[in-house]
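The figures that follow rest on heavy atoms only: side chains count, while hydrogens, waters and symmetry mates do not. FYI, the numbering just counts along the sequence from 1.
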Amino acid sequence: EAESQRLARELFRPEDGIVVPRVYPEYSGKRVLTTDYLQGLHLQDYLATNPTQASRNAFGTKIYIAWMRMYYAFMPYGDPHPGNYLFLSDGRLGLIDFGCVQHYGPEERELARMAEKMAYEDPSLAREVVQRVCGVTGNDPELEGYVRMMEESLDWMMEPVRQPGAFDFGDEAHFQRGVDWLSRVLRKRHIRAHPMYVYWNRSVFGWKALLYRLRAQVDVHAVLRQERPGPGN
């Protein structure tokens, strides 16, 4: 956890307005982790201050940037729940608790790049991605069901990307579609997948739920232009 936190801290610059507490290894051990103390509000207390829409949008954008920055560093933040974010009075976002971070090895990086290509360049790769990610062979009778599952997931995930300008993550219909998709997946038991996607789904639903509660409007295009690596990276 200490190493994950140290690596995450190195990803952010002062101008990002995102702060990860410094770890003090000399005061830490196998059972104790000592870090800087951040003074801030958790989500419920922040919302109780009746923040402006501009403030909600700014914090929502920082949450999205923080998640993207770690994902593209191949160390996705697997625990984005309200207790792990601090809303600081100066507008910075505090990010804490790095006990649930998955560090991608060569196989996970290859699968992530393939899924990225499917999402942004070639949706027809869904069948190939399903076979690689879910371990479903070409003659498996469940293949078509898994492909539909992947296509529905992709459609939901890319909805904020397809919309120019700010996307309203407070849109209940959008969030509900994701919940309905997950319910169908579980009901049909289409749950075969590489272990990395346990973290992935937990992570994505986590940050989308945060932005939903914030009613944040985020310019997803602007964030992706800044955060998404170029071809070959």
Side-chain angles (χ1 to χ4, degrees), residues 11 63-78 80 101-165 167 169 171 173-209 211 218-233:
L11 293 176
I63 289 172
Y64 187 57
I65 289 173
W67 190 88
M68 281 292 183
R69 186 77 54 86
M70 292 186 67
Y71 172 72
Y72 284 123
F74 296 117
M75 49 176 293
Y77 189 55
V101 174
Q102 185 182 30
H103 296 269
Y104 285 176
E107 181 185 9
E108 289 84 7
R109 294 183 183 209
E110 180 188 357
L111 293 177
R113 291 188 180 106
M114 181 184 294
E116 186 86 358
K117 185 175 182 180
M118 172 189 67
Y120 291 99
E121 300 172 29
D122 188 359
S124 69
L125 288 173
R127 186 175 297 269
E128 181 181 352
V129 170
V130 162
Q131 292 185 62
R132 285 291 307 278
V133 167
C134 303
V136 181
T137 61
N139 58 1
D140 192 309
E142 292 192 325
L143 175 62
E144 295 306 320
Y146 271 86
V147 171
R148 284 194 296 273
M149 172 200 74
M150 182 66 71
E151 290 172 342
E152 290 173 8
S153 171
L154 183 61
D155 183 64
W156 181 64
M157 283 296 302
M158 296 303 289
E159 186 176 346
V161 179
R162 289 194 297 265
Q163 178 175 305
F167 181 82
F169 283 94
D171 178 7
H174 172 75
F175 189 71
Q176 188 62 49
R177 278 193 293 276
V179 173
D180 292 343
W181 170 84
L182 183 60
S183 297
R184 288 195 302 275
V185 167
L186 296 176
R187 196 164 53 245
K188 295 178 180 179
R189 299 192 63 79
H190 286 161
I191 53 178
R192 281 185 279 171
H194 191 283
M196 66 186 282
Y197 283 96
V198 174
Y199 283 82
W200 165 262
N201 284 312
R202 171 189 173 123
S203 190
V204 168
F205 276 91
W207 67 255
K208 281 208 172 190
L211 297 190
V218 177
D219 190 334
V220 172
H221 281 283
V223 174
L224 287 173
R225 283 195 301 270
Q226 172 184 304
E227 302 297 330
R228 189 169 177 240
N233 294 324

In Å, rounded to the nearest 0.5 Å, how long is the span from [atom1] of [X] to [atom2] of [Y]?
X    : Y    : atom1 : atom2 : value
D219 : Y64  : CG    : OH    : 10.0 Å
Y199 : Y71  : OH    : OH    : 16.0 Å
F169 : E159 : CZ    : CD    : 9.5 Å
I191 : M149 : CD1   : CE    : 10.5 Å
H221 : F167 : NE2   : CZ    : 11.0 Å
L143 : Q131 : CG    : CD    : 5.5 Å

Does any part of the side chain of [Y], heavy atoms only, come nearer than 4.5 Å to the side chain of [X], both counted from C-beta?
X    : Y    : value
E128 : M118 : no
Q226 : R69  : yes
M70  : Q102 : no

Step-by-step side chain to side chain contact (heavy atoms under 4.5 Å, CB included) determination, D171 to F175: CA-CA 7 Å; D171 178 7; F175 189 71; over 6 Å; no
Heavy-atom pair of closest approach, residues [X] and [Y]:
X    : Y    : answer
L111 : V133 : CD2-CG2, 4.2 Å
R228 : Y120 : NH2-CB, 3.3 Å
E151 : A126 : CG-CB, 4.1 Å

Pairs flagged by salt bridge (Lys or Arg N to Asp or Glu O under 4.0 Å) wherever residues 103-112 is involved - sequence neighbours left out: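 Salt bridge (Lys or Arg N to Asp or Glu O under 4.0 Å) check on residues 103-112 returns E110-R132.
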Qualifying salt bridge (Lys or Arg N to Asp or Glu O under 4.0 Å) pairs with a residue from residues 182-199, counting only residues at least two apart or across chains: D140-R192, E142-R192, E152-R184
Only counting residues at least two apart or in another chain, list the ones meeting side chain to side chain contact (heavy atoms under 4.5 Å, CB included) with [X].
X    : value
Q176 : V179, D180
N139 : T137
A193 : Y197

Within residues 122-158 or reaching into it, pairs that qualify as ring pair (Phe, Tyr, Trp, His ring centres under 6.0 Å) - sequence neighbours excluded: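 For residues 122-158: Y146-H190, W156-H174, W156-F205.
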Criterion side chain to side chain contact (heavy atoms under 4.5 Å, CB included) on L224 and V161, from CA distance to verdict: CA-CA 9 Å; L224 287 173; V161 179; 3.9 Å; yes
Charged N-O contact under 4.0 Å between R148 and D155: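 No salt bridge links R148 with D155.
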Polar side chain donor-acceptor pair, W67 to S203, under 3.5 angstrom: yes
